[in-house]
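Treat the numbers as computed from the prediction; the structure is a model and nothing was measured.
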Amino acid sequence: MSDEKELVKKQIEEFLAARGRFFDVLDASVPKQGNSTAFDFDACKEPSLKALYKEFYAYDYAVRKMLPHIYKKFDLSFNV
């Protein structure tokens with residue numbers, strides 16, 4: 001694997017790991033709506049988490065839109 005491809009793969013893995021840790025914190029801090037996976041920020045003891053999630057989601061969405069193009073460019077695949 002080329003150095004550039006390995007660097008991109010490593011950075012994507014780091015991003016996905018950080019994303020997972022972020023959701024671990026939310027899962028532990030914010031109740032869910034009923035039996036769904038949707039966060040119930042109205043029942044949250046830390047209302048500032050709702051604003052934090054909104055900003056993170058915008059960032060996360062932009063990155064996830066870009067990832068398929070990066071995967072294709074560098075011929076990468078992930079078991080996620």
Side-chain angles (χ1 to χ4, degrees):
M1 188 177 294
S2 73
D3 290 341
E4 185 179 40
K5 182 176 177 178
E6 188 60 36
L7 174 64
V8 169
K9 185 176 189 301
K10 182 177 184 245
Q11 290 174 334
I12 291 171
E13 288 170 340
E14 289 171 0
F15 164 74
L16 294 174
R19 181 181 188 273
R21 290 189 303 273
F22 177 83
F23 278 103
D24 288 345
V25 170
L26 278 183
D27 286 338
S29 304
V30 182
K32 300 293 189 295
Q33 295 176 356
N35 291 329
S36 74
T37 59
F39 294 111
D40 186 355
F41 287 103
D42 292 334
C44 182
K45 294 177 184 171
E46 297 288 334
S48 61
L49 287 175
K50 184 175 184 176
L52 177 64
Y53 175 73
K54 181 180 176 184
E55 293 302 319
F56 172 80
Y57 187 81
Y59 165 77
D60 183 58
Y61 181 73
V63 170
R64 287 183 292 119
K65 275 183 32 181
M66 179 179 59
L67 286 177
H69 304 288
I70 294 171
Y71 294 167
K72 184 176 179 182
K73 165 77 174 150
F74 290 96
D75 190 31
L76 296 170
S77 64
F78 292 89
N79 297 324
V80 183

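Here Asp40 pairs with Gln33, Asp42, Ala43 under the side-chain contact (heavy atoms from CB on, under 4.5 Å) rule; sequence neighbours left out. Taking Leu52 as the reference, Phe22, Leu49 meet the side-chain contact (heavy atoms from CB on, under 4.5 Å) condition, with sequence neighbours excluded. Scanning for salt bridge (charged side-chain N to carboxylate O under 4.0 Å, His left out) contacts around Glu14 gives Lys10, with sequence neighbours left out. For Phe23, the ring-ring contact (aromatic ring centres under 6.0 Å, His included) partners two or more places apart in sequence, or in a different chain, are Phe56. Remark: Glu13 engages Lys9, Phe78 in a side-chain contact (heavy atoms from CB on, under 4.5 Å) (not counting sequence neighbours).
Listed by first and then second residue, the side-chain hydrogen bond (donor to acceptor under 3.5 Å, both in side chains) pairs involving residues 43-67 are Arg19-Asp60, Asp60-Arg64 (not counting sequence neighbours). Counting only residues at least two apart or in different chains, salt bridge (charged side-chain N to carboxylate O under 4.0 Å, His left out) contacts with residues 21-30 comprise Asp27-Lys32.
Interatomic distance, CD1 of Ile70 versus CG of Leu76, reported as 9.0 Å (0.5 Å rounding).
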Let's go through Leu7 and Asp3 carefully: what are the C-alpha distance in whole Å and the side-chain angles of both, what is the deciding distance for side chain to side chain contact (heavy atoms under 4.5 Å, CB included) to 0.1 Å, and is it a yes or a no? CA-CA 6 Å; Leu7 174 64; Asp3 290 341; over 6 Å; no
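Of all non-hydrogen atoms in Cys44 and Pro31, the two that sit nearest each other are CA-CD, 4.1 Å.
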